Amino acid sequence: MRPADVVAKDILGAYLIRNVNSKMKAVVKIVEVEAYMGVKDKGSHSYGGRITERNKTMYLEGGVFYVYKIYGIHYCLNVVVNKKDMPHAVLIRAVEPIKGLEIIEKNRGFKENTKNLTNGPGKLSQALDIDLRFNGSNVGDKELYISEDGKVEDEQIISAKRINIDYAAECKDLLLRFYLKGNKFISAK
DNA sequence: CTCACGATTAGA
DNA sequence: CTAATCGTGAGA
């Protein structure tokens, strides 16, 4: 397996597919991600080798989802990468609806302003009905999986500082956030 | 006490 | 339009 920054750029532009009862309900394109680089990354839940009930799935062999609850309300979807006990992860920050828009609208509770449906980590989780059920599930699981299609050219990828990790000292300025150039569904800020 | 967030309210 | 505020629960 590879480190989170490499995988982050790799899954940018890939499709995330949500099935319910084996029926395809929604397909979205991953347009914004952040990499969290394990025990040396002060922005990561796994900084310093910390292991808790919440983040223990980060320590599994790469290829599973890490879903956690933040601020008591919202869920965030990550992909765990790298080897067992190498707690790297990629946070999926924003997606673009491709199919199943009506399901996404239903989950979010409104229809107007389409770009506001999935342009943030908590929003996309609600839009695709993602919660702790998927914590630790395999990225090839039929209910929620990532398609390898949709690769993009390097020049379409913008690198930037990560968001809302001001507490992470010197790590906060690392360019570990990646998004698709010109895409309308990038999160605010 | 803070936080890998988002909705709502208040103000300009 | 922007800024401030707050809900909510895990973790330190």
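First the proteins, then the strands, lettered A, B, ... as listed; each starts at 1. Worth saying up front: this structure is predicted, and the values here are computed from it rather than measured.
Residue A/I146 is grouped with residue A/V67 when hydrophobic side chains (ILVMFWY) are merged at heavy-atom distances under 4.5 angstrom, including chains of intermediate members. Linking ILVMFWY side-chain heavy atoms closer than 4.5 Å, directly or via other members, places A/I130 and A/F185 in a single hydrophobic cluster. Residues A/V95 and A/V90 fall within the same hydrophobic cluster, defined by Ile, Leu, Val, Met, Phe, Trp and Tyr side chains chained together at heavy-atom separations under 4.5 Å.
Within 4.0 Å (heavy atoms only), A/R162 reaches no atom of the nucleic acid at all. Counting non-hydrogen atoms under 4.0 angstrom, A/G43 reaches a base of the nucleic acid. Using a 4.0 Å heavy-atom distance criterion, A/N78 is classed as a base contact. Nucleic acid contact class of A/M37 (heavy atoms, under 4.0 Å, all strands): none. Counting any heavy atom pair closer than 4.0 Å across all strands shown, A/G122 reaches sugar-phosphate atoms only and no base atom. Counting non-hydrogen atoms under 4.0 angstrom, A/Q126 reaches nothing in the nucleic acid. Within 4.0 Å (heavy atoms only), A/I73 reaches at least one base atom of the nucleic acid.
One side chain, A/N116 or A/K123, offers a donor N or O that lies under 3.5 Å from an acceptor on the other. For the 3.5 Å distance criterion, the side chains of A/S46 and A/N55 fail to qualify, holding no donor opposite an acceptor.
Contact annotation: A/R93 side-chain N/O to B/dC5 OP1/OP2 distance is under 4.0 Å. Residue A/R108 places at least one side-chain N or O under 4.0 Å from the OP1 or OP2 atom of B/dA7.
With values rounded to the nearest 0.5 angstrom, A/T118 atom OG1 is found 11.5 Å from A/I30 atom CD1.
Between the CD1 atom of A/I130 and the P atom of B/dG6 there is a distance of 13 Å, given to the nearest Å. Summarising the geometry, the separation between CZ on A/F110 and C1' on B/dG6 is reported as 10 Å, rounded to the nearest angstrom. Between the CG atom of A/D41 and the P atom of B/dC3 there is a distance of 15 Å, rounded to whole Å. Atom OH of A/Y71 and atom P of B/dC1 are 16 Å apart (whole Å). Between the P atom of B/dC5 and the CD1 atom of A/I163 lies a distance of 8 Å, rounded to the nearest Å. Counting to the nearest Å, the C1' atom of B/dC5 and the CG atom of A/D131 are 17 Å from each other. In this structure, A/K123 places its NZ atom 13 Å from C1' of B/dT8, rounding to the nearest Å. Atom pair A/E32:CD and B/dC5:C1' shows a separation of 13 Å (rounding to whole Å applied).
Counting only distance, with no hydrogens or angles, the side chain of A/R18 and the backbone of A/D129 share a donor-acceptor pair below 3.5 Å.
Bracketed by its first and final contacts, the part of DNA chain C lying under 4.0 Å from non-hydrogen atoms of chain A reaches from C/dG7 to C/dA12 in 5' to 3' order.
Taking the side chain as every heavy atom from C-beta outward, A/K29 and A/L180 approach each other to under 4.5 Å.
Between A/N116 and A/Y66, it is A/Y66 whose nearest contact on DNA chain B lies nearer the 5' terminus.
Within 6.0 Å of CD in A/E170 there are more than 12 heavy atoms belonging to other residues, nucleotides or ligands. Sparse packing is recorded around CG of A/N21, with 12 or fewer heavy atoms of other residues, nucleotides or ligands lying under 6.0 Å away.
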*Where each pair must be Watson-Crick or G-U wobble with both distances under 3.5 Å, what dot-bracket representation of DNA chain C is obtained, with crossing pairs in [ ] and other-strand partners as |?*
|||||||.|||.

